[in-house]
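By convention in this document, chain letters (A, B, ...) are assigned in the order of the sequence lines, proteins followed by strands, and residues within each chain are numbered from 1. The structure presented is a predicted model; accordingly, all values stated were derived computationally and were not measured.
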Number of protein chains: 2
Amino acid sequence: MKLLGGAWTPNIVWRLSGDPRRFSELRDDIPRISAKVLSARLRALEETGVVTRSVISTSPPSVEYALTELGRELVPVIQAILNVGTKLAHRRAAATR
Amino acid sequence: MKLLGGAWTPNIVWRLSGDPRRFSELRDDIPRISAKVLSARLRALEETGVVTRSVISTSPPSVEYALTELGRELVPVIQAILNVGTKLAHRRAAATR
DNA sequence: CTGTATCCCAGACGATACTG
DNA sequence: CAGTATCGTCTGGGATACAG
């Protein structure tokens, strides 16, 4: 489970499933994540080969993160987890009634 | 991610994907897990509605854990994560050469 | 803009011992 | 057999401040 270890990891991968995104864009996408955690997760994902990190030396500099091919394979998986989670939430709500 | 929160959770669900299993059977299946963590994870899974817990009042008593229908939906998901993880490991090994 | 450096907390985990 | 209790450790994460 080192692959999806962090609580935020699936969310981050999810946000990258479309176009590559920059650091601050990810921060806007996931408002409640702290810079520290975001950079920690991105580092970990880069190490495991799920995302790539490209520094663009402009002024100000920007950094783009994108999923690797294998990283893309995680997207439907995350989708599936989300589905089950949603169903469980619904079933729980139904049980309340 | 409270669904698959713990590091052992996917493994436990995986072991339950076949027949229902008793507490000590799970301990044998996953040798390095402590009783405390196993019981904690099982409790959490029961709470989220992924597994059911059935006490069989024999002597000595035994307890069977089984996946719910929704729990079963997690099995292919875990399989998929495993696949990606395996591919990543292979690619890493290939990069070493 | 893209991070790193602290500090501090809560939770997950491991080992051991003990109970119904 | 199936756990709970306790203690200690380690990591993830939040907040804030600071740096290239």
Between the base of dG3(D) and the side chain of K36(B), is there a donor-acceptor distance below 3.5 Å?
->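 For K36(B), whose side chain was compared with the base of dG3(D), there is no donor-acceptor pair (under 3.5 Å).
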
Distance from [X] atom [atom1] to [Y] atom [atom2], nearest 0.5 Å?
{"X": "L88(B)", "Y": "N83(B)", "atom1": "CG", "atom2": "CG", "answer": "11.0 Å"}
{"X": "L16(B)", "Y": "L42(B)", "atom1": "CG", "atom2": "CG", "answer": "7.0 Å"}
{"X": "H90(B)", "Y": "L70(A)", "atom1": "NE2", "atom2": "CG", "answer": "11.5 Å"}
{"X": "F23(A)", "Y": "R53(A)", "atom1": "CZ", "atom2": "CZ", "answer": "9.5 Å"}

To the nearest Å, how far apart are [X] [atom1] and [N] [atom2]?
{"X": "L45(A)", "N": "dG12(D)", "atom1": "CG", "atom2": "C1'", "value": "14 Å"}
{"X": "L42(B)", "N": "dC13(C)", "atom1": "CG", "atom2": "P", "value": "12 Å"}
{"X": "R43(B)", "N": "dG3(D)", "atom1": "CZ", "atom2": "C1'", "value": "9 Å"}
{"X": "I56(A)", "N": "dG20(D)", "atom1": "CD1", "atom2": "P", "value": "22 Å"}
{"X": "R21(B)", "N": "dC1(D)", "atom1": "CZ", "atom2": "P", "value": "14 Å"}
{"X": "R32(B)", "N": "dG14(C)", "atom1": "CZ", "atom2": "C1'", "value": "12 Å"}
{"X": "I30(A)", "N": "dG14(D)", "atom1": "CD1", "atom2": "C1'", "value": "15 Å"}
{"X": "W8(A)", "N": "dG12(D)", "atom1": "CH2", "atom2": "C1'", "value": "12 Å"}

At under 4.0 Å, does any side-chain N or O of [X] touch on OP1 or OP2 of [N]?
{"X": "R41(A)", "N": "dG13(D)", "result": "yes"}
{"X": "S24(B)", "N": "dA2(D)", "result": "yes"}
{"X": "S39(A)", "N": "dT4(C)", "result": "yes"}

Assess whether atom CD of E47(A) is packed by more than 12 heavy atoms of other residues, nucleotides or ligands within 6.0 Å.
-> no

Nearest to the side chain of V37(A) - dG3(D), dC1(D), dG13(D)?
->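 Comparing dG3(D), dC1(D), dG13(D) against the side chain of V37(A), the answer is dG13(D).
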
When you measure from the side chain of A7(B), which nucleotide among dC13(C), dG13(D), dA2(D) comes out closest?
->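 It is dC13(C).
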
Just checking R53(A): base, sugar-phosphate only, or nothing, at a heavy-atom cut-off of under 4.0 Å?
-> sugar-phosphate

